[in-house]
Amino acid sequence: MRSYSYRVVGEETVTYLPETAEDLEAFTTWARRESGRVIGVDTEGTGLDTYARGNRLRTVQFGTAREAWVLRVEGRPGTWATARDVLLRLPRIALHNAPHDWLVLDRHLDLPMEVLASKTTDTRILAHLLDSRGREDGGIGHGLKPLSQYYIDPDAPDTQDGLISVFRELGHTKSTGWAAIPSDHPVYVRYAGLDTIFASRLLDVLGPQVHERGLMRLADFEHQVARVCAAMERRGVRVNSEYVSGMSSRLATEAEHHRRRASRYGVSTIGSTKQVAEALVAMGENLTATTSGGALQVDKDVLLPLADLDPRWERLGVREPNPLADAVVRAKRAARWKTTYADAMASGLDERSRLHPKINSLQARTARMSISKPPLQQLPAGDGTIRKAMVAEPGSVIGSVDYSAIEMRVLAALSADRAMVQAIRDGADLHDFTAEQIYGPDFTKRHRKVAKTVGFGKVYGGGAESIALQTGAPLADVRRAIAAYDRTFPGIKRYSARLTARGRYGAKELISPTGRILPLDRTRLYAATNYMIQSVARDVFAQGLLDLDAAGLTEHLRLPVHDEVIFEASETDVFELAEEIQRTLTVPEFYGVPLDTEAEIFGAAWEPDTTRYIRTGDQPWTTPQETAPGLPLAS
DNA sequence: GCTGCGTACGCA
DNA sequence: CCAATGCGTACGCAGC
């Protein structure tokens, strides 16, 4: 049997590559002998896109701190069965970024993800609980490589990078190499084994730290949340691919049309901010806003007013539109919608036209979730153009349930501000209430907008200037509004002051009511309130997902979108199901504040514009007047 | 061919 | 005194 050695912190490790039946027997004997330990597990395939047509599993690896085994399962039924058998038998496994491998093994090794999840410790979860910051924010990062270098061996190799240079030597590229490299290539085998050795060692280091810091319960919670999100990822979302391809070509035409318009003013590349800025200046426009890098800013905020358009792209009627600004914003939007959304939706579909986006259940420093490939949490919501590409199965409909103003409510709850808690308990519209407190009973729509933005400013840690910029209100007015807000809700101000004070007195982190560690940045202490609020709101939502799972509703869930869940149900029981999801997510008393939910039922597609039924709290279902009638939906 | 940075833009 | 938060993706451009 071939074996490969590698030194990790000066210690010899060995990776074995079983080839014969006897070798496989030696592997199963080893697995049996070591089954008292948690075994590191990893997989390698032809690419990361598990559900793309043609994706294949190549190897399954097992390892402890000193030994690893690389099983070449592709095209070898005996080895495939052995890997499967051992995974079924092992009582405990450690994976780094478990959901990826759960789904690979679910799809390609006929192992239900749930079976693996019940015995998994995900070292990425442990690492995130100990330091939620990415590398850009001064943290360690959450990849296997940076964690291994930090916690285990500063000289830990970047196995991915190392393999990619081998790909090049073999005449392949980063993307083609994974499928093409011989699975017995010494570098491939060595690195494949090494990943499990590091996962195993990471568990040895992180496990005790998680225990010491009292994070065990939170770790268990996160593993369950990860399982529910992985189940959603496995199910996928159905895409109307004919609609998507039609939309893609329409957007291409539109982008091209406006590109051509822009070129008449000397802008050959609409994405070049320099070209756009220079051309606008040459046309006599006065550009003042600058970017953090010092360049002239030519983003949407700058271009729309020049094109005499408001933020909703409607004519302002205050100036002659600058044709270049108009052409550039339109070309850029069409191009973005095409590439980031339409084309991204079309690629990676499985054989049933389902999209399986990566749902990262524990991502942001506040623990918020993210979705990538494609970014389905960020689909344009304005009109339904993009979102309606996501459709239900025939006979079913799409709906959503979201928490009403959850961040404001969590802020009220944690700060225990009496006025705000009471206003919420009374069922008041918080922004109306605030506007009335600041401006009196005759407040206008503009007043409400300022009040709303001041409220968001509290949640985000923003100041008077940014609120003035957002609302267009004069700075002095905004300052007065903030002062009135602080008089109305003194508890909010006190709460924020208390959190930032901890940082000023040297605290490096906050601990949230769920026990989560929230690292602080010394130079951005104003963000402390936001971290707390955003994180607790996320944990409420995540608990809601677990409650939905416990109620047996996971099969209906499609996507988590921060404070809302997108679901699917048959036309016949969608109302009943929506109400059950609502009941399950609603928290009647959260530190004295009700966390209410709102349900919406769309149609055959995820298309907010055609919302047909809305239910707020436990009120009856209503039909918005702007709803287009006539969709085949029984009530 | 790939990486890193700056910029921009979509959402909650 | 004061500070807008959190993500993922694409493009242009410089540099390897």
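Rounded to whole Å, atom C1' of B:dC11 lies 10 Å from atom CD of A:Glu564. Counting to the nearest Å, the P atom of B:dC5 and the CZ atom of A:Arg135 are 12 Å from each other. Counting to the nearest Å, the P atom of B:dC11 and the CG atom of A:Leu559 are 16 Å from each other.
Using atom C1' as the reference point in both B:dA12 and C:dA4, the two lie 14 Å apart (nearest Å).
Looking only at atom types and distance, the side chain of A:Gln543 has a donor-acceptor partner in the side chain of A:Asp547 under 3.5 Å away. No side-chain donor from either of A:Thr366 and A:Ser535 sits under 3.5 Å from a side-chain acceptor of the other. Between the side chains of A:Lys338 and A:Ser248, at least one donor N or O lies within less than 3.5 Å of an accepting N or O. If you check the side chains of A:Ser263 and A:Ser268, you find no donor sitting under 3.5 Å from an acceptor.
Among the protein residues, A:Lys274 comes within range of no part of the nucleic acid, since none of its heavy atoms lies under 4.0 Å from any strand. Using a 4.0 Å heavy-atom cutoff across all strands shown, A:Gly293 reaches sugar-phosphate atoms only and no base atom.
When each of A:Glu222, A:His128, A:Glu509 is paired with A:Arg516, the side chain to side chain donor-acceptor pair (under 3.5 Å) condition holds for A:Glu222 and for no other.
Mapping heavy-atom proximity under 4.0 Å, the span of DNA chain C touched by chain A runs 5' to 3' from C:dC2 to C:dC13.
Remark: A:Phe167 pairs with A:Trp178 by the ring pair (Phe, Tyr, Trp, His ring centres under 6.0 Å) rule, at least two apart or across chains.
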